[in-house]
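In what follows, chains carry the letters A, B, and so on, assigned in the order in which the sequence lines appear, proteins first and then strands, with residues in each chain numbered from 1.
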Amino acid sequence: MRVLYAGLGVAIVIAVWQLMANAIAFDMLFPPPRVVGASAYDMIVSGSMTDDVGASLWRLLLALLIGVPAGILIGVAIGWWPIANAIVQPFIRMFNAIPAIALVPFSLLWLGVTEQSRIALLVYTITLTVLISTRAGVRNVSRIKLRAGECLGVRGPQALFKIVLPSCIPAIIIGIRTAIGLGVMVVVAAEMLGAESGVGYRLMQARSQFDTAALMASIIGLGLLALLLDRAFEFAVETLLPRYSTKRRIK
Amino acid sequence: MLAKLWTNFGISNVSKSFGNYPILDRIDLEFNRGSFICVLGPSGSGKSTLLDLIAGFERPTSGAIRLGLEEIRSAGPDRVVVFQDVSNALFPWLTVRENVEFGISRLPRAERQQRVARVLEMVNLANHTNKFPSELSGGMKQRVQIARGLAMEPDMLLMDEPFGALDAITRKKLQTDLKSLWEETGKTIFFVTHDIEEALLLATEIVVLSTGPGARVKEWIRRDQIPQDPATVEYVAMKTRLERALDIDEDH
């Protein structure tokens with residue numbers, strides 16, 4: 001039933017798209033679904049789509065590998081020590097308002113038009129996002145839980161590992177999930193600046209050739225990548241961490 | 001660790017204020033080991049604060065709380081608290097069994113399993129050991145919390161309105177079960193409530209605190225004064241006396 005509704009949604013969107021294309025009647029500017037489909041097919045068959053998506057995905061995964069542990073570590077540290085929190089808090093507020101894109105000039109100045117520069121922007125976004133969520137999770141651990149722990153002989157660093165960390169795993173999961181979504185946005189932006197592969201690179205290529213069909217196909221591919229990543233992450237959490245699954249919790 | 005050899009539990013001239021705001025004013029009480037103490041009081045009278053002091057979560061501003069000769073200075077596994085907010089008190093990522101095992105993980109495996117089985121049997125949860133707290137009703141969750149406390153083999157159970165959030169039928173059932181549990185184990189129980197009938201059913205000692213700020217002991221009813229049979233004049237008289245003591249307006 002859910003699949004049916006989802007299919008219905010897709011059908012409606014394509015129909016509206018077609019109608020709009022008919023109204024505009026300028027395929028070059030607003031390519032209809034058929035043209036975009038053909039372009040996407042070409043890109044898939046030629047392998048360029050998989051190459052681009054693969055390159056973006058690789059950058060994203062690499063950045064997650066660095067940013068997620070860093071975010072958790074720092075988030076737990078400042079969530080647990082009030083002094084650290086008081087010192088760092090205003091900076092987090094500030095940096096949270098500064099999008100990765102705004103740091104592009106610096107990243108280019110410091111690291112040049114390199115892979116490191118793109119990864120750095122991604123790591124910045126991911127670390128900050130995971131950190132903020134983790135910190136909130138740590139600070140929201142109920143005092144009752146910690147007191148119950150004291151009665152059960154668990155306090156101090158032991159409480160951190162046996163009570164605080166497991167308590168904030170759902171918050172960390174939400175943080176990672178948000179970071180993946182933001183990561184897809186940032187990776188494309190980063191790739192628009194001198195990358196030689198990736199979805200962002202493809203978008204810039206298509207734009208310079210005025211290939212609006214390829215542009216649209218790439219954007220849809222990007223959206224699908226984000227959707228797929230989100231589903232894959234959700235599935236991984238459900239499978240690997242069933243104890244922390246939000247689905248069971250709601251019951 | 002406090003010596004397990006104490007025979008009396010004394011609250012000597014205990015006052016507690018938060019900043020300049022007095023909560024408890026010179027509370028002076030003494031109980032025998034094995035008593036079932038119920039503390040009644042209007043909302044905001046400092047019942048829970050008194051429990052926090054005994055638990056060792058807070059320190060008195062003046063006075064001392066002692067088990068035997070030893071003063072309580074911090075929380076410890078000899079005095080386990082059963083919280084009213086059971087959803088926050090249990091660990092949702094652990095099963096019933098794992099919750100109960102939480103404080104005794106250092107015991108040898110065989111002893112640990114035996115103890116878990118015994119306490120879960122005591123609270124009638126032997127068939128639910130592998131469920132998660134989210135799969136249990138409020139009453140069952142509260143049983144898990146009691147079992148988790150009992151697994152520590154504490155000298156004292158400190159219960160902060162543990163049945164306050166439960167429906168009437170579940171509450172009645174848990175009250176009777178707690179009473180038999182107390183008879184069976186002989187633990188000292190310090191039980192905070194605002195329900196007079198609950199106190200009359202369970203307690204061997206009833207303490208009524210006055211309205212705060214600066215709550216004092218208004219009534220202290222001893223073991224032999226508490227009527228057991230609800231169908232007697234004495235029972236009704238006692239109930240009326242407690243109702244009067246709890247009446248917030250009467251003092252002012």
Per side chain to side chain contact (heavy atoms under 4.5 Å, CB included), B/Trp182 is matched among B/Thr204, B/Thr188, B/Leu157 by B/Thr204

Look at [X] together with [Y] and state whether they make a salt bridge at an N to O cut-off of under 4.0 Å.
| X | Y | answer |
| --- | --- | --- |
| A/Arg59 | A/Glu115 | yes |
| A/Arg202 | A/Asp51 | no |
| B/Arg118 | B/Glu121 | no |

Proximal component of [X], with respect to chain A [non-hydrogen, under 4.5 Å]:
| X | result |
| --- | --- |
| B/Phe83 | side chain |
| B/Glu98 | side chain |
| B/Leu94 | both |
| B/Arg148 | both |

Q: Can you label the angle between the B/Phe91 ring and the B/Trp93 ring as parallel, tilted or perpendicular, going by 30° and 60°?
A: tilted

When the 4.5 angstrom heavy-atom criterion is applied to A/Ile163 and chain B, the contacting part is both

